[in-house]
Each structure stands twice: as structure tokens, then as C-alpha cells.
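Below is one structure; the comments refer to it alone.
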Protein chains: 2
Amino acid sequence: MPSPRPAVPRITDVAALAGVSTSTASKALNDTGQLREETRARVRRAAEQLGFTPDSRGRALSSGRSYTVGLITTDSSGRFSIPIMLGAEDALSAGEMALVLCDTRDDPLRESHYLKSLVSRRVDGIIVTGRRTEPRAPIDVPIPVVYAFSPSTDPADTSVMVDDHGGAASTVRHLLTLGRQRIAHVTGPATHRSAVVRAAATVSTAGDALVAEPLHGEWSERWGRHAVDVLLRTTDVDAISCGSDQIARGVCDRLRELGRAVPDDIAVTGYDNWSVMALASRPPLTTVDLQLEQLGRRTAQLLLEMIGGASSSGLLELPTELIPRESTLGT
Amino acid sequence: MPSPRPAVPRITDVAALAGVSTSTASKALNDTGQLREETRARVRRAAEQLGFTPDSRGRALSSGRSYTVGLITTDSSGRFSIPIMLGAEDALSAGEMALVLCDTRDDPLRESHYLKSLVSRRVDGIIVTGRRTEPRAPIDVPIPVVYAFSPSTDPADTSVMVDDHGGAASTVRHLLTLGRQRIAHVTGPATHRSAVVRAAATVSTAGDALVAEPLHGEWSERWGRHAVDVLLRTTDVDAISCGSDQIARGVCDRLRELGRAVPDDIAVTGYDNWSVMALASRPPLTTVDLQLEQLGRRTAQLLLEMIGGASSSGLLELPTELIPRESTLGT
DNA sequence: AGGTTCAAGGAAAACGTGTTCCGTATGTTT
DNA sequence: AAACATACGGAACACGTTTTCCTTGAACCT
């Protein structure tokens, strides 16, 4: 016996108090059907008085929709997934939709478990997101799905991703505009798609101003510091464009240690606008904001449209925003 | 007309295929009731064949439970809320419970909106968490609630928090064990409970070894760097215990710039085990791990117990773990 | 043989809502 | 005055499951 009954009022209670039938009460509360305004008001008053909140389980069953979407992330602890989640949640909550969180921790077993759970909950749609920008295998469910950040390998699926090419190009154009002529690029592993894409954009945008092959290493401050040593040993540069804020911060630290002024001697750009790196760096970093929260919002909107019946819209690349700071502009 | 019907099989379809009634099918699939094993197997085969997944909306309505819990966070972008979320989600998913995410962004309006939504969804329970350790006003719902990280002001509510006193004390004991005799403490704003609690623990544990009043400032690397200047101007210290890894990193940076060796001249401890700070610091920081994921898991377990009928268990403080690294041990 | 017990499975109700269909009263038109 | 449209509101059903009874037949005991 699980307690005598929480005594939460149902619509029949409201109807009884208002002296109408349940169907009338339902119409009154949902602004449907043909009712006198006076009746509507009476029902609303009754609902108010009882503190009635409609049970969405009943509504879900009756309407065929659950007003819920699932968010599957392979790694929600990553700093990329989180803003996406928040943006999506924000856009969804505006439409009275709830978001259920599923962190697969990169485990295929967990993923299929969650998928089953979401299907069983008759979720209206699913958002799939990951930590990296490499395309991932699509999931197989009879529900609208949108991929965010890491697109589906199937181009017919709807995917929303960051325009990494444009982002990297914008930093280079920024450096060129400032008159820099001897640019180097330091970035992450050549096995990471984002590093490769950004490097390619840098190469093609910088043209003759690029004075060295892109340097690939790990996404760390340590690599940034080390790369400076490697670079200055052989090359004379006036700008270093980095593949991440973390690398850029390492670059700045090492340059300072070597007595090279940033940006007077060498300008530095980061990537990601990870505030804890970009703002704490000395000097603060000019960088590229990925607009991930916006990406999450856009993803949710697309999903809502698909739930509404729209067909897949293929791959969508969202613009980034260049954030100029002292590491290129000076004080 | 919303498409001719997704044609997802219902339990009646399974029952029909197996040649039994729906009630029998239900019993077979849930391992309840009295059925021949052969019948059970037949029903299971039919379900398998049809790819049947029970509709949890129906189950929710029938069982009176939604198998869902809500997570209300005032700021899910914070690095504290996230591990808590993940831990909770992990513990809940093991029990076939889903977690719906609600980020209030510190807006009371949004909070009440979400509360209404969760109540309407007949969530089985709610987890409330925040960015800071200050107690917060309890929420008023007829559902089990557990507060995580930021406890409820009502001591009768169930709250799970970090043992900040013990955490700070452990760093000081660590320093004393290493033979340090002249300890200073640099931490965050005196308006922050966590700073005050950690400072008090430091004072009472260090005793005579504390050579200066705790220094309060902001939670930033910059303040850490500045505090070193302030401190060394008047005092001779052989250890600095910091209120956060961010501050500790700033302290280390400044000490290095001043040519003071860490830890040989001065040992440094951080707090939070925020890997991006603690590991990137030079040298890596001895620090206190808050075990937030464990805290999230424990919170979820308590909530499940309360959903199961257990009564509130008041305030619970979870232990932290000291992580020794080079900033006190050397290489 | 007649009664009791038990396994097996079906019929029906319950959960809470939304919606379709239908009856009634009221007012309007010829 | 009769025919008719319309506003209003109620009865019934649907959504998909679980669970509580109830029926049936067989085995068992005295």
C-alpha cells in the first residue's frame, strides 16, 4: 500500500466543482469546442481553486505525442556538448517540450539501451550529439532525428554542424587585415577532422603568407609551448594561428617567457572561445566563438519542424563569430 | 491527418499473434501471474517477431508512476553541476528511470515554469542543484525532493553536500605532514560560503602554522598572482593553500615568475581538482577532488529510496579526496 | 462420487486525458 | 405556428498498459 493517495486533483474533480461534465471541463481548459465564456470562466476558477495541473501522461496517451525529446550524447562532460544541450533545452522548453538526457559514455551497449528506452517512452524526436566533429554512424529509429556537432555519415539525415572552414578562414583574414605577413599554424592531431579542416582553411586562405607547414600535436597548452620552440628555431613569424584556445594559451605563455611581445612582435589567435582559456590567457585571446548554444537552439528548431512533418533538410553549417581581443589588437 | 499511422505494434498485436488475451500477454512479458512456461515463450517469441516495445505512457498511467525524475539546476553550464548531473543520470538509468533536464538560468520565473511542467508530468521525484554551496530556498511540490551541492535552508529536507570543512582540513594536514611550518591561505570572496568554510577549516587545522589571515579575493588566476605579491611583501611562507585550482594556478605562475621554486621553496595546494587547471598548472596541483559524480549518484540513490517510501534523511556531507601531485611532492 | 484445491488464462476495469458524436434548448426565419 | 439553424454541453470512446477479479478444467483427497 503506497500511501493513501497523494490526492492530486484530476479533471473530473474540477468538472464536479464547476458543475459540468469532464468533457466540458477539458474544452474549457483547452480553449476548444463551443462554450459560453461564463462556463469557461467557472471551470477555470474551479481549476485554480483546486490547484489543478493536467496530467501529461493522460494527455500524451490521448494525443499520441509525448511532448518529450531525447538527447543522446556520447560525452556530455565535454565542453562542446554542454552549450549545445543548453541551447536545445532552451528552445524546447519554449515549446512546452521536455528534454531527457542520455549520456552513453561512448559505450555502444549503453547507446542501444538508451535508444530502446527512448523509443519505449515514445519520444517525439531525438537529438544526437558528440564530442568530436567526425561524422558518426546514424541511429536506427522510427522517429525524427537531428545530429548536432558530429553529423551523421548518411547525408540524407539532418545534421547541424559548425562551419569550421569559415571559422579558421576568418582568423587568417583578420591577421592579414592587420598587416601580418608571416603566419604559422599550430593545431591538434592530424587524426582529428576539426584540426585537418581548420588547417586546410588556414592554408588556402593565407596563401603566400603562410610560412610553414601546419604543425600537428595534441590539444594542450604543453604542445603550444613546445610548438613555439620548434617554430622559432627555424622560422621568423609575425603571427601564429592556433587550432584551439588551449594551444594558443600555451603559445602565449612560451612567447612571454622568451621575451617576445604579443601581439607587437607576434600576434596569436585561438579557437573555440573557451572563456577559461581565452580570457585567462595573457594577453586575452582573439578567438573564434563556435556559437554552440545557437547551434543547439537551431538543432531543436529543426527537430520541431520535422516532428511537425517537415522532411529532412540535409547538412547545415552554422556560421562562427570572430572575437577580437588583445592577442591580436594589443591594448 | 498526421500520417496514416506509424504502425508501431501494441501489446494487443502481440497477444493476437500469440493467440492469447492482452492480459495474458502482459503477464507473460512482465513475468507475473500464473502462466505455463510454454505460453510465456510463445508470447515472447511473438513480441520479438513484431519488434514490440511497450509504450511507457500506458505503463505510467496504469502504474501511477512515470519512471522519470526531474533535475532542476540554476546553472548547468557551471563545472560543478555537470558531474553531478552525470552521476545522477548514471544511477537513475540503472533503474530504468529517465532524467529530464531543466536549466532555470537563475530565473525564478523559469524555475516556477519548470516546476509546473515537472508536476504536470507527474515526475516521481526531483533533484535540485546549483552552482554555489549557499543554502537555497526549498521548492514547494508534493513530490520527493533531494537537494544536491546547494542544500535546502530547511534542515528537514534531504540535502547532499560536499564536506568542505574536511576537504580543506585534509590539504592542511597534508602540508603539515610534509613538514611545512609557515602556511598562508588564499581564497575567494568572503561573501561565498565555500570560501568562508574552507578558510575556517584551514585556520582551525593549521593552528600556529598559519602565518597570516586568510586572503579573500575573486576566484581567478589573476587574484592568485596578485595575492602572491601581497603575501610575499610582508610574510615569509613555505606553503600556500588555495581556495580553488584557478587561484592556485595563478599562485604557481607568479611564484615561478619571481623565481621561487614550487614546491621546494613554497608548496601550493589547490581545491576542486578541475583537471584543466590542476593538470595544466606548472607544476601540476595537489588538490582536493570533490567527488561530484559520486555526489550525484548518492543523491539519486537517496531520491530513489524516498520514492520507494523512505522518509527524509536530513543533511548528508560526503567526503572529498586529496589528490597529491607535484605542487607539494616535487618530481 | 463429491468436494476441495490449484494452475491457467480471459474479461473487465482502472489510470487521466482529449475528442467525436449526439441531444437539447434557444433563437431565427418563412 | 412550423421548420430550421445554432450554441451549448454531456455520453461515450480512444489512447496502451497493468491488475483485479472470475471462470474453467484438471488433479487431488476422503
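In the text below, chain A, chain B and the rest are named by the order of the sequence lines, each starting its count at 1. Side chains included, hydrogens not; waters and symmetry mates left out as well; all remaining heavy atoms used.
One atom, CG of A:L35, and another, C1' of D:dG10, lie 11 Å apart when rounded to the nearest Å. Rounded to whole Å, the distance from CZ on B:R121 to C1' on C:dG16 is 15 Å. Distance, A:D13 CG to C:dG16 C1': 11 Å, rounded to whole Å. Atom C1' of nucleotide C:dT19 and atom CG of A:L29 are separated by 15 Å, given to the nearest angstrom. In this entry the distance linking CZ of B:R40 with P of C:dA7 reads 13 Å, nearest Å. In this structure, CG of A:D31 is placed 16 Å from C1' of D:dC8, rounded to the nearest angstrom. Nucleotide C:dG16 holds its P atom 17 Å from the CG atom of A:N30, rounded to whole Å. Distance, B:L61 CG to C:dT17 C1': 8 Å, rounded to whole Å.
When each of A:S63 and B:E38 is assigned the nucleotide of DNA chain C bearing its nearest heavy atom, the one mapping closer to the 5' terminus is B:E38. Across the interface with DNA chain D, nearest-nucleotide mapping of A:T22 and B:P54 shows A:T22 to be the residue nearer the 5′ end.
Distances were taken from every side-chain heavy atom of A:Q34 (C-beta onward) to each of C:dG9, D:dG16, D:dA7; the shortest belongs to D:dA7. For B:R10, taking side-chain heavy atoms from C-beta onward, the closest of the listed nucleotides D:dT17, C:dT17, C:dG9 is D:dT17. Checking D:dG9, C:dG10, C:dG9 against the side-chain heavy atoms of B:T39 singles out C:dG9 as nearest. For A:R36, the side-chain atoms get nearest to D:dG9 when compared with the rest of D:dG16, D:dG9, C:dT17. When the nucleotides D:dT19, D:dA11, C:dG18 are ranked by their closest atom to the side chain of B:S23, D:dT19 comes out on top. Listed nucleotides D:dG9, C:dG10, D:dT17 differ in distance to B:D55; the shortest reach to its side chain belongs to D:dT17. Closest contact between the side chain of B:R59 and the listed nucleotides D:dT17, C:dG18, C:dG16 involves D:dT17. Comparing D:dA11, C:dA7, D:dC15 by their closest approach to the side chain of A:S62 singles out D:dC15. The side chain of A:K27 sits closest to C:dC21 out of C:dT17, C:dC21, C:dA11. If you check C:dA8, C:dG18, D:dT17 against the side chain of A:I11, the one that comes closest is C:dG18.
Phosphate proximity of D:dG10 to A:S21: present, with a side-chain N or O under 4.0 Å from OP1 or OP2. OP1 or OP2 of D:dG16 has not a single side-chain nitrogen or oxygen of B:R57 nearer than 4.0 Å. An OP1 or OP2 oxygen of C:dG18 is reached within less than 4.0 angstrom by a side-chain nitrogen or oxygen of A:S26.
The existence of a salt bridge linking B:E48 and B:R44 is excluded, since no basic side-chain nitrogen approaches an acidic carboxylate oxygen closer than 4.0 Å. A salt bridge links B:R57 to B:D55: at least one charged side-chain nitrogen sits closer than 4.0 Å to a carboxylate oxygen. Checked for salt-bridge contact, B:E96 and A:K116 miss the test: no charged N lies under 4.0 Å from a carboxylate O. Using a 4.0 Å cut-off between charged side-chain N and carboxylate O, A:R297 and A:D90 make a salt bridge. Looking at A:D31 and A:R40, a side-chain N of the basic residue comes within less than 4.0 Å of a carboxylate O on the acidic one, giving a salt bridge.
Checked against A:D157 for a side chain to side chain donor-acceptor pair (under 3.5 Å), the options A:S312, A:S313, A:S152 give a single hit: A:S152.
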